[in-house]
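Report on the following structure.
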Amino acid sequence: MLGGAGALLGLAAGSAQAAEVSFATHCVPPAGIDPVDGTTKVEVTAPATAKVGDTVTVVWKFVQAASKNPDIIDLPANSVQPSGTLKAAGAQAASIAMQGARENPAIPKGAAMVLSDMKGTLKLTTPGEVTLTPDAYTVNAMSTDTKCTPTQTVQKAATIEVTPGGGGSSSTTPDPTDSASQSTSPSASAPGSADPSASASDGTGSDQTDFTGKEVDIPYTCQSPIGEKKATSPIQINAKKSGGSFALTVQFKKSVMDSPADIPKGSVKPSMEVVLGGADKGTVHVEGPTNAKDIKSGDPIEIPDLTGTYKPGADGKSTLSPGVLTINALGTTTTCKPDKTEVSLTLDTSAQASGASGGSSSTSGGDTSSSSSSGGLAETGSGDHGALKALGLVAGTAVLLGAAVFTFMPGRRVR
């Protein structure tokens, strides 16, 4: 038992009681992972007696989750958070929102899920017997949700005998916990105002060596080992001329986020194929460094610049647009293709030996159109473009973390 953790938050608390119930459960993990049918075992603690006007705290303890950690990847410590609903019935009907802390030990692949206790409050309004019954719950693991629902009638787990109140309310408001992940959908903040003079340079000045591209919003469809996701990221391509070639720098302008879990040093690395258009054709490979140090859960993550060298293969005005983005994270690969792309930078180029025109300076390129290119991914029911919000209890959410670091769940970094 939980030793009174669900004691009444008022002056007329009866002794705490706890009871365990088990129920068949159907859980839906992220896309690409089969649903799980299992048994959930729950212990609910609540006061045995209380008065009308009192606010009571109830506690939901997971004795057993419906499934184990899928055999995909280890879950870091403090990366899993449960939330759910407890149904009140009898003298008073209500849906009690329950929330647990994001606290867990490291959970290896295939190991039992360890979920924190969930708490919620109920203000009592009617005398009589109030029963408490577990209902659906959600497990958020590293920014993705798995939704679990009972598939049978669940037995009541606790009963509160409510007596008529003696006057004013003796309720106490509990400290709030983190808001539930399923109700927090990170919204993309508007990009900072760009300097009008920072639009794409035409590169025609004979003495000019630095060229600043414009910021363009690129919608991506990303294919990861656990399914297809969509997101939009503002990107800017800049160039510095050196002889007949150009040193390229690709910047993500909305790419700061708080890490949902500990990220080891050297575990995430991005790269991109910049699409050439206009006079030139092909792609240019650019890449960024791996994260140079460990990133603790809750610490901000910043995107490194992606760099590479563009050797023109044609004379004339050549355009550069963001192309296929690849994220290697924790031994897995997520590939993001633009649903459409847009020119960020135009350069006046002169053909160089072994230049890019008519081919590619790297593998995989995508459409070389200067205005748009199709991602070419099969539709799998993904939502609208926006901050990444996946489903999932899954350990494989670490895969999505790699993509989230670079394109989804954005904050803002201004250069």
Next item on the list: Give the C-alpha distance, both sets of side-chain angles, the deciding distance and a yes or no for side chain to side chain contact (heavy atoms under 4.5 Å, CB included) between I327 and T335.
Entry: CA-CA 6 Å; I327 307 296; T335 301; over 6 Å; no
Checklist line | Full working for side chain to side chain donor-acceptor pair (under 3.5 Å) between D217 and T232 | finding: CA-CA 6 Å; D217 290 330; T232 297; over 6 Å; no
Margin query: Let's go through L86 and V44 carefully: what are the C-alpha distance in whole Å and the side-chain angles of both, what is the deciding distance for side chain to side chain contact (heavy atoms under 4.5 Å, CB included) to 0.1 Å, and is it a yes or a no?
Written below: CA-CA 9 Å; L86 194 66; V44 174; 4.1 Å; yes
Next item on the list: Would you check, one step at a time, whether the test side chain to side chain contact (heavy atoms under 4.5 Å, CB included) holds for Y310 with V274?
Entry: CA-CA 9 Å; Y310 166 40; V274 175; over 6 Å; no
Next item on the list: Test side chain to side chain contact (heavy atoms under 4.5 Å, CB included) on K340 and Y220 and set out the steps.
Entry: CA-CA 8 Å; K340 65 177 181 178; Y220 277 101; over 6 Å; no
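For Q92, the side-chain contact (heavy atoms from CB on, under 4.5 Å) criterion is met by L122, L124, T125, V130, not counting sequence neighbours. Scanning for side-chain contact (heavy atoms from CB on, under 4.5 Å) contacts around A24 gives T151, Q152, with sequence neighbours left out. In this structure, F23 has no ring pair (Phe, Tyr, Trp, His ring centres under 6.0 Å) partners at least two apart in sequence or on a different chain. Scored by the side chain to side chain donor-acceptor pair (under 3.5 Å) test, K87 finds S95 as partners (sequence neighbours excluded). When the side-chain contact (heavy atoms from CB on, under 4.5 Å) test is applied to S22, the partners found at least two apart in sequence or on another chain are T39, K41. The side chain to side chain donor-acceptor pair (under 3.5 Å) search around D37 returns H26, not counting sequence neighbours. Applying the salt bridge (charged side-chain N to carboxylate O under 4.0 Å, His left out) criterion to K240, with sequence neighbours excluded, gives D210. Residues satisfying the side chain to side chain donor-acceptor pair (under 3.5 Å) test with T249, not counting sequence neighbours, are none. With sequence neighbours left out, the side chain to side chain donor-acceptor pair (under 3.5 Å) criterion links N104 to no other residue. The side-chain contact (heavy atoms from CB on, under 4.5 Å) search around N238 returns T212, Q236, Q251, not counting sequence neighbours.
A 4.5 Å side-chain heavy-atom check between W60 and Q99 finds every atom pair outside the cut-off. For the pair F62/M118, a side-chain contact is recorded, criterion being any heavy-atom separation below 4.5 Å from C-beta on. For the pair T40 and C148, the minimum side-chain heavy-atom distance is 4.5 Å or more. Two residues are said to be in side-chain contact when any heavy atoms from C-beta on lie closer than 4.5 Å; V139 and V80 meet this criterion. Using a 4.5 Å heavy-atom cutoff, the side chains of V250 and I235 are in contact. Taking the side chain as every heavy atom from C-beta outward, V275 and L320 never approach each other to under 4.5 Å. Looking at V58 and T45, their side chains never come closer than 4.5 Å, going by heavy atoms from C-beta outward. For the pair V56/T121, no side-chain contact is recorded, criterion being any heavy-atom separation below 4.5 Å from C-beta on.
Here the side chain of Q81 pairs a donor or acceptor atom with the backbone of G100 at under 3.5 angstrom. Without hydrogens or angle criteria, S344 side chain to I237 main chain gives a donor-acceptor distance under 3.5 Å. Not one N or O on the side chain of S245 forms a donor-acceptor pair closer than 3.5 Å with the backbone of S242. In terms of modelled atom types and a separation under 3.5 Å, the side chain of K311 and the main chain of A356 share no donor-acceptor contact. Remark: side-chain polar atoms of T349 are paired, donor with acceptor, to backbone N or O of G316 under 3.5 angstrom. Counting only distance, with no hydrogens or angles, the side chain of N69 and the backbone of M113 share no donor-acceptor pair below 3.5 Å. The main-chain N or O of V343 is never found under 3.5 Å from a side-chain atom of T319 such that the two would form a donor-acceptor pair.
In summary, the side chains of Y137 and T25 do not present any donor paired with an acceptor at a separation below 3.5 Å, with no hydrogens or angles considered. Looking at D339 and T221, their side chains do bring a donor and an acceptor atom within 3.5 Å of each other.
Residues S79 and P76 come closest through the heavy atom pair OG-O, 2.7 Å. In terms of heavy atoms, K119 sits closest to V59 at CG-CG2, 4.0 Å. The two atoms that bring P289 and P304 nearest to each other are CD-CB, 3.6 Å, heavy atoms only. Across every non-hydrogen atom of S116 and A101, the tightest pair is OG-O, 2.7 Å. Minimum interatomic distance between L325 and S271 (heavy atoms only, all atoms of both residues): CD1-O, 3.2 Å. Across all their heavy atoms, K281 and L276 have their closest contact at O-CD1, 3.7 Å.
The distance from atom CD1 of I218 to atom CZ of F252, rounded to the nearest 0.5 Å, is 10.0 Å. If you take NE2 on H285 and OG1 on T326, they are separated by 8.0 Å, rounding to the nearest 0.5 Å. Within the model, atoms CG of D315 and CD of Q352 stand 9.0 Å from one another, a figure rounded to the nearest 0.5 Å. Interatomic distance, K317 NZ to D280 CG, rounded to the nearest 0.5 Å: 14.0 Å. The distance from the CZ atom of F246 to the OG1 atom of T209 is 10.0 Å, given to the nearest 0.5 Å. The OG atom of S267 sits 4.5 Å away from the CG atom of N291 when rounded to the nearest 0.5 Å.
A ring pair (Phe, Tyr, Trp, His ring centres under 6.0 Å) check over residues 75-94, counting only residues at least two apart or in different chains, returns nothing.
For the pairing with P270, the side chain to side chain contact (heavy atoms under 4.5 Å, CB included) check across T334, L306, N328 returns one residue only, L306.
The pair E20-K61 does not meet the salt-bridge criterion, since no charged nitrogen lies less than 4.0 angstrom from a carboxylate oxygen. Checked for salt-bridge contact, K109 and D74 meet the test: a charged N lies under 4.0 Å from a carboxylate O.
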